[in-house]
Amino acid sequence: MKINRKKTVRFSLMLLVVILVISACSKPKKVNIEPIYDEASVREVIPLVKSSSTLAAEKMSAEQKVKAEAENAKSVICGADEACFINKLINCYISEYKKTAGDEERQLSIIGPAGERCYLQGGLYKNNVLVGSSFSCRIPKNLLSADTYNHFFGLDNAAGFEEIKIKQSKIEADYCESD
């Protein structure tokens, strides 16, 4: 059987033209893509926020900075380590913190940066069941502080913290919503 080369080339070109015309005329489909955050990829793009901890980091030697960054990369889940979590929160590093009192557990997760904001999620759990609704926040990074942590864990309810509570309640009202 002899193959006619001219007909094969013409047929291939015609097929290619038909495919291009069909693809150009079809409407693009909208696809909702949920972000998947993994520690390695997000850590590469997380910018530092000027805070007391980053100002202290600027005074470190290059070797100290490398050690500090390596330590930060190791401890993503702070567990019940309050100081670890406050540092992660101020810098908007991905982390998770759980504070237990009796059979209640408050959880706060730092999902990571979302532009100039830090994306947080949390909720109150009793016997591992969500009590009420969870919340999510996208707070500007420059507003994050230890006061933010204290507010989410109800530590600003004590006497003497009224001004802090007012400021943090406004931040919560402006940048958080219940799910």
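All figures in this text were calculated on a predicted structure; none of them were measured in a lab. Just so it is clear, the values below take in all heavy atoms, side chains as well, and ignore hydrogens, waters and symmetry mates.
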Inset, instruction - Please test Leu120 against Ile139 for side-chain contact (heavy atoms from CB on, under 4.5 Å), starting from the C-alpha separation and ending with a verdict. - result: CA-CA 8 Å; Leu120 311 168; Ile139 300 174; 3.8 Å; yes
Legend entry - Main-chain N/O of Gly160 paired with Glu162 side-chain donor or acceptor, under 3.5 Å: yes
Legend entry - Spacing of CD1 belonging to Ile90 relative to CZ belonging to Phe85, to within rounding of 0.5 Å: 10.5 Å
Legend entry - Lys99 side chain near Tyr149 side chain, heavy-atom distance below 4.5 Å: yes
Inset, instruction - Decide yes or no on side-chain contact (heavy atoms from CB on, under 4.5 Å) for Asp147 and Lys167, but give the supporting numbers first. - result: CA-CA 9 Å; Asp147 292 338; Lys167 180 181 177 186; 5.9 Å; no
Legend entry - Residue that, paired with Phe135, satisfies ring-ring contact (aromatic ring centres under 6.0 Å, His included) out of Phe152, Tyr175, Tyr119: Phe152
Legend entry - Main-chain N/O of Cys78 paired with Asp81 side-chain donor or acceptor, under 3.5 Å: no
Inset, instruction - Kindly compute the distance separating OG (Ser169) from CG (Asp156), expressed to the nearest 0.5 Å. - result: 6.5 Å
Inset, instruction - Could you grab the distance from atom CD of Glu82 to atom CG of Asn87, nearest 0.5 Å is fine? - result: 12.5 Å
Inset, instruction - Report yes or no: do Ile77 and Tyr125 belong to one cluster of Ile/Leu/Val/Met/Phe/Trp/Tyr joined by side chain heavy-atom distances under 4.5 Å? - result: no
Inset, instruction - Check whether any side-chain N or O of Lys141 sits under 3.5 Å from a backbone N or O of Gly115 as a donor-acceptor pair, and report yes or no. - result: yes
Legend entry - SG-SG under 2.5 Å, Cys176 vs Cys137: yes
Legend entry - Same apolar cluster: Leu155 and Leu89, side chain cutoff 4.5 Å: yes
Legend entry - Shortest non-hydrogen contact from Leu130 toward Gly123: CD1-CA, 4.3 Å
Legend entry - Approximate separation, where rounding is to 0.5 Å, of Gln121 CD and Ser136 OG: 6.0 Å
Inset, instruction - Test Phe153 against Leu108 for side-chain contact (heavy atoms from CB on, under 4.5 Å), laying out the working first. - result: CA-CA 9 Å; Phe153 288 96; Leu108 186 59; 3.8 Å; yes
Legend entry - same_hphob_cluster(Ile86, Ile164) at 4.5 Å side-chain heavy-atom cutoff: no
Legend entry - Minimum heavy-atom distance between Cys92 and Pro113, given as atom pair plus value: SG-N, 3.6 Å
Inset, instruction - Give the C-alpha distance, both sets of side-chain angles, the deciding distance and a yes or no for side-chain contact (heavy atoms from CB on, under 4.5 Å) between Ser134 and Gln107. - result: CA-CA 10 Å; Ser134 60; Gln107 293 182 5; over 6 Å; no
Legend entry - Residues, nucleotides or ligands: over 12 heavy atoms within 6.0 Å of Asp103 CG: yes
Legend entry - Shortest non-hydrogen contact between Cys118 and Leu144, atoms and distance: CB-CD1, 3.5 Å
Inset, instruction - Determine whether Tyr97 and Ile110 make a side-chain contact, defined as any pair of heavy atoms from C-beta on separated by less than 4.5 Å. - result: no
